[in-house]
Amino acid sequence: MKNLVIRICGTAGEGVISSGDIFALAVARSEYYVTTFRSFPSEIRGHGQCSFQLRMSEEKAYTTGLMTDVLIGLNEEAILSNIKLLGSGGILILDSDEVKNKFEEFSGIIKYRIPITTIATEKASIRAKNMVAIGIMAGLVPQLELKEQLKKDIKKRYAKKSQEIIDSNIKAFEEGYKYATENLKREDNLASMTMEKSGPKLIMSGNEAIALAAIVAGCRFYAGYPITPATEIMEWLALEMPKVNGTMLQCEDEIAAVTAAIGASYGGVKSMTATSGPGFSLMSEALGLASMAEIPLVVVDVQRGGPSTGLPTKTEQSDLNMAVYGTHGEAPKIVIAPMNVEDCFYQTINAFNFAEKYQLPVILLSDAAIGQRKECVDKIDLSKIKIENRLKHTRETDTGLYVRYKNTLNGISPISNPGDKGGAYTATGLEHTEICQPCSTPEVHKMMTEKRFKKLETATQDFIPAKTYGPDDAKIGIITWGGTTGAVLEAVDMAREQGYKIQALYPRTIYPVPNQWLNSFVEGKEMILVAEANYTAQLLHNLVYRLNKINKDIKLFEVLKYNGEPFSAREVFDKVDKVIRQQMLKYTTFELEKDESYKF
Amino acid sequence: MKNLVIRICGTAGEGVISSGDIFALAVARSEYYVTTFRSFPSEIRGHGQCSFQLRMSEEKAYTTGLMTDVLIGLNEEAILSNIKLLGSGGILILDSDEVKNKFEEFSGIIKYRIPITTIATEKASIRAKNMVAIGIMAGLVPQLELKEQLKKDIKKRYAKKSQEIIDSNIKAFEEGYKYATENLKREDNLASMTMEKSGPKLIMSGNEAIALAAIVAGCRFYAGYPITPATEIMEWLALEMPKVNGTMLQCEDEIAAVTAAIGASYGGVKSMTATSGPGFSLMSEALGLASMAEIPLVVVDVQRGGPSTGLPTKTEQSDLNMAVYGTHGEAPKIVIAPMNVEDCFYQTINAFNFAEKYQLPVILLSDAAIGQRKECVDKIDLSKIKIENRLKHTRETDTGLYVRYKNTLNGISPISNPGDKGGAYTATGLEHTEICQPCSTPEVHKMMTEKRFKKLETATQDFIPAKTYGPDDAKIGIITWGGTTGAVLEAVDMAREQGYKIQALYPRTIYPVPNQWLNSFVEGKEMILVAEANYTAQLLHNLVYRLNKINKDIKLFEVLKYNGEPFSAREVFDKVDKVIRQQMLKYTTFELEKDESYKF
Amino acid sequence: MEYTLKDYKSSTKPSWCPGCGDFAVLAALLTTMTDLQLDPDDTAIVSGIGCSSRFPFFTSTYGFHSIHGRALPVAIGLSAARPDINVITLGGDGDGFSIGGNHFIHASRKNPDITYIVMDNEIYALTKGQNSPTSHDNVITKVNPYQAVEERVNPIMMALSFETSFVARGFSGDIAQLKSIIRQAMDHKGFSFVHVLSPCVQYNDKITFDSIKEHIKPIADDHDVTDRMAGMKLVFEPGYYYTGVIYKQERPTLQEKLDEVQSKAHPGHPEGQQVEELIQQFM
Amino acid sequence: MEYTLKDYKSSTKPSWCPGCGDFAVLAALLTTMTDLQLDPDDTAIVSGIGCSSRFPFFTSTYGFHSIHGRALPVAIGLSAARPDINVITLGGDGDGFSIGGNHFIHASRKNPDITYIVMDNEIYALTKGQNSPTSHDNVITKVNPYQAVEERVNPIMMALSFETSFVARGFSGDIAQLKSIIRQAMDHKGFSFVHVLSPCVQYNDKITFDSIKEHIKPIADDHDVTDRMAGMKLVFEPGYYYTGVIYKQERPTLQEKLDEVQSKAHPGHPEGQQVEELIQQFM
Ligand SMILES: Cc1ncc(C[n+]2csc(CCOP(=O)(O)OP(=O)(O)O)c2C)c(N)n1
Ligand SMILES: Cc1ncc(C[n+]2csc(CCOP(=O)(O)OP(=O)(O)O)c2C)c(N)n1
Ligand code: SF4
Ligand code: SF4
Ligand SMILES: [Mg+2]
Ligand SMILES: [Mg+2]
């Protein structure tokens, strides 16, 4: 797959993130695939260093890539902390006005020293350094024809600013472009690189994908409270929900937000709220209410580093346990984790479908990295999207009564909405009989507990089966979820290049996980690794019993990262490689490096 | 063990519970062991039926017994729903004024028809029927010499009422006593029953035991919000805490309660809050703060039937997952579950010791049944109770600085309290460096996550090892926790009588469970059952991986009850028996009933 | 077809203690609904947790017995999503002024078109008698066995300071007035708050029908209900509880504002936009 | 030894944006602490989450940067358990009036001897600019792109209705007055609330130093600070923000009440009872 990875870095005030954003948009609109990653400090307003990486490619890529082909650095500190990401033959572009260091110790890379600050100040304004930078980026690969689209996107971005600012930015961009095309003595790989366009596509962030999908799924009520890194969902819906006659309500806190969503859903309107860790914890009691009163509800948790206030701008997959178990008593829920931006869209649709069909809360576990990064999404065909709605209420044929919590075979009871004639009932978080009377007898509590869990059992038949990636006859398996999936899939590819046969399993519904997904995957495997971005191996601990049960001899390993950064494919591969080697050492006495026998 | 089980039942307004309470107190004060169980409807004010069972015995008993020896019923409905608990030779005492049914179909029991209502109305007042009843109870066993103590306790109970009411109650009691001793033609087992006194002891409920232990452990700050069935902890402390110059603060909700407790503990004062499910869910976010900022804290959850508002007056062990996992991010905590009233006392002491020593939240999982029932507790020797305090802050020898979150070998850092000179620091729920600066770098987050979990590792060495009950060479093991423990231990005894060799393991610290406890228990076992009062087998799911890891061939079974009632020993035994028989069927072809081979 | 009182009653007999003040509120609300001829199927009663919050089980309308303190946000969500439904919210003093206090502030800001009735018995009754934010100093319970340590809140004064758009007080000892107040509250367009003094005969003997009678005063006819300051003056007067409508303000409701937002969001599309159009921006 | 300003400053440079209003509050508080010669080790500053709540990191006293909206209960717990510590609480308008609003009501009822400073920039700044309960209608943010749908809260009026025992308003454009107000607040025995108009230069251009200046009016000298109704009148006056001390009431603090409770609990034992004695009741 042809692809080009570019990283731009500098201090937070230098517009690094917005230049990356604009560039990514233009790449997508020029019909290449693009995926991005941004990293910035969690300070109030950045004094710190940020970076933005984007990968453009002919085919859809899972991650922003292992190494970067081009690194544009606006100051020395930024370059120093990123330069090791440049592969051999990579291109370093630096602002020669700001950076005196020649980076002699880094060989095998091409360095272009460009007076970015001078160009910006002389031709436009000191604030337009980032525009010069993207001009240079576009000018490195004029054959990819990004220039005109970039100009359009710059204009769009600053549409609300004065004409002067727009002109100045365009000028800076043009000058950067000109400088790159005219002044650089090109001896690098990019000079002649070509890339096929792959047709029109969408570009959006994970948070936007969730918000858009909610509307597509029929959600017409959203209540929320701002919190990093989930706020964009609320912001997007504030603008767009009213366009489709839906409601977005800002609440005083997350408890009000989730209970308002429950109230709206009780009213028959598909409802959602989104938050991150601290807000999710606050919703704990209300989630139990939705589960007990059987009210459909979608709750998005865009995970960030925890616990407590933790690391608001960093990513982590550490809320899985909370999502599954974070309510007192036994309150069935479904937990779904999208693997990337496009998946955010489709899994949100699933979340609503499950919530409506099974009348329970569905938790969508996204994360800061997916939520914030922009990625391409293939054109969405609305006609192909299946939307489920809650079971309409009916009366008993014999008695003519409506039995709201009827204990049916599959656990799903007919549900009425206020306004439905003859459907009046009182929803309650108390244990209740089938006809909604508070009741605490042993028989009723037992029956209703079983009924509520029966729905989960029924639901598993509806889940999109976990997918596999890699050869079926692999002896090494790797299971992963959510935001780590992309890195794992690329690591499987890397492993193949190294001669390892590895197969990955990546469920999107992560609770409950039906047995059959595990059965067929575990069969034939000798060891299974579970990769996730947390400390306590949460998914592994949720599956471990069953993995063992299927194959008592299976060897299980954790592949964990818990420093607030997402996994890269290289890191997954390195950990996998290490585990395999260690395992092999048990069976071999000779030097592994020199022996190929460990490659299945 | 000599013992006598009495059950009294009637409607909620008839004073059934208070008569049982008074009787139990008098039994304990007469130096017999006693344990009790009360069951009442969760209606606002009872129209429903209640019952109160008490068991007096020579030695400490684990439960209120399998069957009842005496059943006193004030109305027919109550008798009908309890009569099956009378063993053969059991005594039924009924109010002949109210109950016309002769219960002919129940044979093998002795029936005394006594005009309780008439006695009460004629000699005292209609409201004193319950006093007549306890008079009769005492009069059945005059040789046990309960009479004088009962009179004292009745006087005490009504001390705040008018002299008239006190006199009337005493009169009713005396009349009941007289009736039983003078008018009954006794041909029953009790007539000649004797019981050894076992010396002075205490009697209290689980909630009282926790409250008392908190004060013994050094707790001098409590903040709370009323909730059934935990309110008595707050009520007891409201009265008693100020006596030892401590503070009990009523808050506006559970979030305020737990954060106030965190504030007080930050201030260096040992602090606690207590609640039940819904309130516990609300505390979720704050628990993460205590874990992240490393503030010692004890949170009591007196579990009730869930989820949501659930079954406020019923019992369940369904908050274990919530206690362990119910916070976003990865927030180390310790979870302890007392097995009975006496254990409530000692485990609360442990909870404070762990919280202080390891600077983290400790969750004490009691339940409605333990919390509400009164039981004997052996005299408490304060001099034998070890109290731990938090590690004092110190300065670094080299730099003279105080490093609040120093990453020490065991994870425990020195902690200062406001007022400590040179100890000033800023506690925070943000990820932070060792010297409390907000920090979100990968290195720091990784290091501090590991540091916080290191404390858990260290703590496990401090735990009182899980105890076993039953023969070491048993092939069948049963693991249990909290309120189910008593029933399991009695079931082990029953099993022995039936010829089964079963060994029970009952940890009190239920998270984390150190490996060594499991290792030695699993060794030599062929099957392990895990008994708990919930639907999803929460403890089993937390241990299952390790049980399997220790012995891949081990057979694991759930023994569950989830109808809001506590397990009886009989139920545990029956389930165990069934599992064993089913298992055996796999290996035998002949009729099990007739074969003894399944008895290990 | 005309609805009669019994169309609003559920078959469940109220589980309240005989003599509980809440019966009067139930009676008044049932009559008001009958008077207004509300379709029971178009009406939803939302409550929190407490004796008073058991209310929805005793009517035949839609009901939501939610969780402690959260009746208001549940009701607001319902009402914002379903402006066609008549939403009534109710609960107790603990539910509304202790755990739920903040929602009262923010409901007032939002001004949803719902009526909120608080049955104030100055006690936590369902949990068997602990002092509440409205308990007087002389209410000594097991959680404050020595004395009270906190001041009472003044719900009416708070409501006035939150600019709640309709503020009234009733007494369950005076059903006729209560009906009239509830009627006016339900007629009001916006968030109407009715504070009902409603004794608990079981757990608070300090506030009884008799003791309340001594302290209430109906608001004089010449009181200007549109003057918030005049309302404040009434509550500042010591020793009395004024009953009747204290304050009333006409201002856009939450639903109206949300309608405005919708029409601003799709000026060219009276019916709203198609989902397809929203996708355009990502191209 | 005498403490100087620098004894209260931490070595951490404030991470606020240049020009942020909160610098003035920091300066005023540091000076006040110096003037009062508080021992930094006997002083604790408790905050919630927000730009303003970062405050404790910038002082050298004990500090507790807690969770969003919960500064008050944390501070009350601390202060009740450790009445010997000077407890100061602070945070933003979102922290204090949105998620934390209920604690403000109940802190006022409890009247703990702590000072509570809210830096009101009429915006959620840390989360990059969403409207807050105090935002004016003209604050259009990404969460209300079309218009505001809610009324603003009036923190001073709320405090007066909660009977907060000290109520004042300051402005970070007037450090001298702010110092004097904070000094009076800290001298006050009881719960003192200081509402500071403190612009955010990054996310709210509707409330700036200049725009605020136009609307503030220092309270006249003859204002009777003990007259709550007079305070109400000030806030009812439209168009202006009065600055200075609005209301002040002497009443027993929470700590005093808790002391009373303790002495009632062990009348015969001036030192309190022994734990052994408590056990007696179970025999
Ligand atoms: C989160 C939570 N905390 C506590 C409770 C326990 N609880 C139930 S009702 C109630 C107070 C009821 O008082 P009020 O609202 O005045 O109603 P009343 O019973 O007096 O009508 C409490 C504290 C609960 N159900 N949920
Ligand atoms: C439970 C929870 N919800 C949401 C957030 C996100 N959050 C952090 S600060 C903040 C608002 C800050 O506004 P304000 O209190 O006015 O402080 P400012 O930044 O304006 O000084 C929010 C919503 C959080 N940290 N915790
Ligand atoms: S306990 Fe009090 S509030 Fe509850 S039903 Fe009885 S009288 Fe009414
Ligand atoms: S964003 Fe606003 S409130 Fe925050 S530091 Fe900057 S100016 Fe101050
Ligand atoms: Mg009440
Ligand atoms: Mg603010």
Is [X] close to chain A through its backbone or its side chain, or both, or neither, when contacts mean heavy atoms under 4.5 Å?
{"X": "C/E277", "result": "neither"}
{"X": "C/E276", "result": "both"}
{"X": "C/I85", "result": "side chain"}
{"X": "C/L254", "result": "side chain"}
{"X": "C/K264", "result": "neither"}

Just so I understand: if I count every heavy-atom pair under 4.5 Å between each of [options] and chain C, which residue has the most?
{"options": "A/A260, A/P418, A/A427, A/G429", "value": "A/P418"}
{"options": "A/G422, A/G288, A/A257", "value": "A/G422"}
{"options": "A/S271, A/A223, A/G267", "value": "A/G267"}
{"options": "A/I203, A/V269, A/L25", "value": "A/I203"}

Grab the two heavy atoms, one from [X] and one from [Y], that are nearest each other, plus how far apart they are.
{"X": "A/G423", "Y": "C/Y62", "answer": "C-OH, 3.1 Å"}
{"X": "C/F64", "Y": "A/T426", "answer": "N-CG2, 4.2 Å"}
{"X": "A/R220", "Y": "C/V275", "answer": "NH2-CG2, 4.0 Å"}
{"X": "C/L258", "Y": "A/M248", "answer": "CD2-O, 4.4 Å"}
{"X": "C/K110", "Y": "A/Q250", "answer": "NZ-O, 2.8 Å"}
{"X": "C/D41", "Y": "A/K421", "answer": "OD2-CA, 3.3 Å"}

Next item on the list: Quick one: do A/T259 and C/S66 satisfy side chain to side chain contact (heavy atoms under 4.5 Å, CB included)? Show the steps, please.
Entry: CA-CA 9 Å; A/T259 48; C/S66 72; over 6 Å; no

Where does [X] contact chain C at under 4.5 Å (heavy atoms): side chain, backbone, both or neither?
{"X": "A/N417", "answer": "both"}
{"X": "A/I295", "answer": "side chain"}
{"X": "A/P200", "answer": "neither"}
{"X": "A/A256", "answer": "both"}
{"X": "A/C376", "answer": "neither"}
{"X": "A/A286", "answer": "both"}
{"X": "A/L212", "answer": "side chain"}

Notebook entry, point to check: Just wondering, are more than 12 heavy atoms of other shown residues or ligands nearer than 6.0 Å to NZ in C/K189?
Noted result: yes

Check: What do the steps show when you test C/H103 against A/D253 for side chain to side chain contact (heavy atoms under 4.5 Å, CB included), and what is the final call?
Finding: CA-CA 9 Å; C/H103 306 306; A/D253 63 16; 4.1 Å; yes

Margin query: Using a 4.5 angstrom heavy-atom cutoff, name the option from C/I105, C/V46, C/D39, C/I49 with the most pairs to chain A.
Written below: C/D39

Notebook entry, point to check: Who among C/Q274, C/R82, C/Q280, C/R109 has the most heavy-atom pairs with chain A under 4.5 Å?
Noted result: C/R82

Next item on the list: Supply the atom-to-atom distance A/Q437 CD to C/S11 OG, rounded to the nearest 0.5 angstrom.
Entry: 6.5 Å

Check whether any side-chain heavy atom of [X] lies under 4.5 Å from a side-chain heavy atom of [Y], and answer yes or no.
{"X": "C/M283", "Y": "A/K379", "answer": "yes"}
{"X": "A/I380", "Y": "C/F282", "answer": "no"}
{"X": "A/Y425", "Y": "C/T61", "answer": "no"}
{"X": "C/H65", "Y": "A/C436", "answer": "no"}

Item checked: Close approach to chain A in residues 70-80 of chain C, criterion heavy atom under 4.5 Å -> C/R70, C/P73, C/V74, C/I76, C/G77, C/L78, C/A80

Next item on the list: Name, in order of residue number, those residues of residues 235-247 of chain A that have a heavy atom at a distance of less than 4.5 Å from a heavy atom in chain C; otherwise write 'none'.
Entry: A/W236, A/E240, A/P242, A/K243, A/V244, A/N245, A/G246, A/T247

